[in-house]
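Just so it is clear: chains get the letters A, B, ... in the order the sequence lines come, proteins before strands, and each one is counted from 1. Bear in mind that the values here come from a model prediction, so they are computed numbers and not experimental data.
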Number of protein chains: 2
Amino acid sequence: MTAAPTPSLRERKKLRTRQALIDTALELFTERGFGGVTLDELCEVVEVSKRTFFRNFTSKEDVAMAPEQDLWRAFLEELETTAPDGLPLVELGRDALLAALERMADEGWARRVLLSRRLAERTPSMAAHGLQFCEATTQGALEILRRRFGLGGGDDVRPRLAVDMLIAAHHCAMAGWVDQAGGAAPPATPDLAVRLREAVAALPGSLTMSVEG
Amino acid sequence: MTAAPTPSLRERKKLRTRQALIDTALELFTERGFGGVTLDELCEVVEVSKRTFFRNFTSKEDVAMAPEQDLWRAFLEELETTAPDGLPLVELGRDALLAALERMADEGWARRVLLSRRLAERTPSMAAHGLQFCEATTQGALEILRRRFGLGGGDDVRPRLAVDMLIAAHHCAMAGWVDQAGGAAPPATPDLAVRLREAVAALPGSLTMSVEG
DNA sequence: TTCAGTTATGCCACTGAGTGGCATAAGCGT
DNA sequence: ACGCTTATGCCACTCAGTGGCATAACTGAA
């Protein structure tokens, strides 16, 4: 929609090293664990100075969480351009997230996210970094909602709760998707979309659910 | 209920240095910012070796988030001993959290949490650490629910969503409480309890809320 | 009080993440 | 071929966090 077809050689080169860093990092971390790989090693493999690494990513955790960050960035963009429709806020967000998900269909995004999540499960600092980015996305989403629709003014906590619910549903969907992917079939983004719909649909039930039943 | 009245001199000493580290850390961080204070400085003020610091806390962020961790620990204990009652899961959790909150009424807990949250607002790594601890608490809560009530077996996502909703409500309550506390009156835990009740009560409305209304 | 046994602490050296400064090379427009 | 911009490389540095080992402090019993 907005991107140029060929964003100049310099840009492409930068993007390529960035991608190489992400892919190599996921590979090495998966092989020997997050703590078992130093940045110096990673940089040596990719043939890049450590200084360059930190111009592309904010931290060691950041490079391994990059795939998910792409999704959230796309989500905010979708939320920015989507039509109100009078839908419930949660469903509005859900549709924006689904649209963002469809944009990720290309290349090996699914594979990368899968590796990233598996890593995050056994690496607290990665999990923390991911959650922090979710929080930042929440803030961004609320800002958009406030600006576009005038929501969240004063002390109305409902928009915030609605966005948090959506993200909770996403976490559930992602967790189930990652677990399922352990078996034979390589996981695909459509599967994740289905799970997200299910999780959002389960929200009302989980609100009223009681311990016996 | 379970604690001993005087847990031996050694224990008390340990607790004292721990508390001194927390208080001094909050003080110094508030004064000069999280990044503006090195652990060596902190340890020098408290007259403790850096090695000792890391026997009490897992990281620099950890010491500043200790007050909130106490709350979550108490929450899990309450959840462990609370009666089912046939209440909705979210309300069960809410009551456990309220009970935990009442346990925090003593001393300057409110003041410490306030400082901690203010710090976390402008220190991403602290926010991340806090979120990660919430996530760990969620896992712990789900484990308790599964063990005590057989919930969450198979692929039922509802318990997980319910717990996440509770935590989202808590975040809202906490955020509002911290903002309000900026004025004159020093904030108290009862105020936080009220806000938590309100936030939980707002959950159904936020689920159905639409953009025009 | 003394004497073991336990446990917290201090000290020291070390790894590795992350930063700042500055020179250089690579892409870019003319 | 020429400057101009921008990414990169290199170097030295700070500081968080860890491991090992000696020592001091507490504890419980003789």
Item to check | Side-chain-base donor-acceptor pair under 3.5 Å for Arg51(B) and dG20(D) | outcome: yes
Checklist entry - Can you give one letter per nucleotide of nucleotides 22-30 of chain C, 5' to 3': B if a protein heavy atom sits under 4.0 Å from the base, S if only from the sugar-phosphate, - if neither? => result ----BBS--
Next on the checklist: For a quick check under 3.5 Å, do Asp62(A) and Gln69(A) share a side-chain donor-acceptor pair by atom type?
Outcome noted: yes
Checklist entry - Looking at residues 22-42 of chain B, who's got a heavy atom less than 4.0 Å off DNA chain D? => result Val37(B), Thr38(B), Leu39(B)
Checklist outcome for this item: Residue set satisfying salt bridge (Lys or Arg N to Asp or Glu O under 4.0 Å) with Glu41(B), at least two apart, ordered chain then number -> Arg32(B)
Next on the checklist: Measure CZ/Phe57(B) against P/dT9(C) and give the value in whole Å, please.
Outcome noted: 11 Å
Checklist entry - When the distance from CZ of Arg16(B) to C1' of dA8(C) is rounded to whole Å, what number comes out? => result 14 Å
Give every donor-acceptor pair under 3.5 Å between a side-chain atom in residues 19-27 of chain B and any protein atom, sequence neighbours left out.
| unit_1 | atom_1 | unit_2 | atom_2 | d |
| --- | --- | --- | --- | --- |
| Asp23(B) | OD1 | Arg112(B) | NH1 | 3.0 |
| Thr24(B) | OG1 | Ala20(B) | O | 2.5 |

Checklist outcome for this item: From CZ of Phe54(B) across to P of dT15(C) the rounded distance in Å is 18 Å
Item to check | Rounded distance in Å - CZ (Phe53(A)) to P (dG18(C)) | outcome: 8 Å
Item to check | Between dA16(D) (C1') and Asp62(B) (CG): distance, integer Å | outcome: 14 Å
Item to check | Separation of dT9(C) C1' from Glu47(B) CD (nearest whole Å) | outcome: 14 Å
Checklist entry - Heavy atoms under 4.0 Å, any strand shown: does Lys14(A) hit a base, just sugar-phosphate, or nothing? => result sugar-phosphate
Next on the checklist: Heavy atoms from C-beta onward define the side chain here; which of dT9(C), dT8(D), dG17(D) lies closest to that of Asn56(A)?
Outcome noted: dT8(D)
Next on the checklist: For Asp70(B), give me all partners under side-chain hydrogen bond (donor to acceptor under 3.5 Å, both in side chains), at least two apart in sequence or on another chain.
Outcome noted: Arg73(B)
Next on the checklist: Whole angstroms only, please: what is the NZ-P distance between Lys60(B) and dT18(D)?
Outcome noted: 15 Å
Next on the checklist: Once salt bridge (Lys or Arg N to Asp or Glu O under 4.0 Å) is applied, do any residues pair with Arg103(B), and if so which ones, sequence neighbours excluded?
Outcome noted: Glu77(B), Glu78(B)
Next on the checklist: Before you tell me yes or no, could you show the steps for Glu91(B) and Arg197(B) under salt bridge (Lys or Arg N to Asp or Glu O under 4.0 Å), namely the whole-Å CA-CA distance, both residues' side-chain angles and the distance that decides it to 0.1 Å?
Outcome noted: CA-CA 9 Å; Glu91(B) 298 182 19; Arg197(B) 285 181 187 281; over 6 Å; no
Next on the checklist: Checking Thr189(A) now: which residues fulfil side-chain hydrogen bond (donor to acceptor under 3.5 Å, both in side chains) with it, not counting sequence neighbours?
Outcome noted: none
Compile the donor-acceptor pairs under 3.5 Å between side chains in residues 131-142 of chain A and protein atoms, sequence neighbours left out, one pair per line.
| unit_1 | atom_1 | unit_2 | atom_2 | d |
| --- | --- | --- | --- | --- |
| Glu135(A) | OE1 | Arg160(A) | NH2 | 3.3 |
| Glu135(A) | OE2 | Gln139(A) | NE2 | 2.9 |
| Glu135(A) | OE2 | Arg160(A) | NH1 | 3.4 |
| Thr137(A) | OG1 | Phe133(A) | O | 2.9 |
| Thr138(A) | OG1 | Cys134(A) | O | 3.0 |

Checklist entry - How close or far is atom P of dT19(C) from atom NZ of Lys50(A), stated in whole angstroms? => result 10 Å
Next on the checklist: Applying salt bridge (Lys or Arg N to Asp or Glu O under 4.0 Å), can you list everything that pairs with Glu61(B), at least two apart in sequence or on another chain?
Outcome noted: none
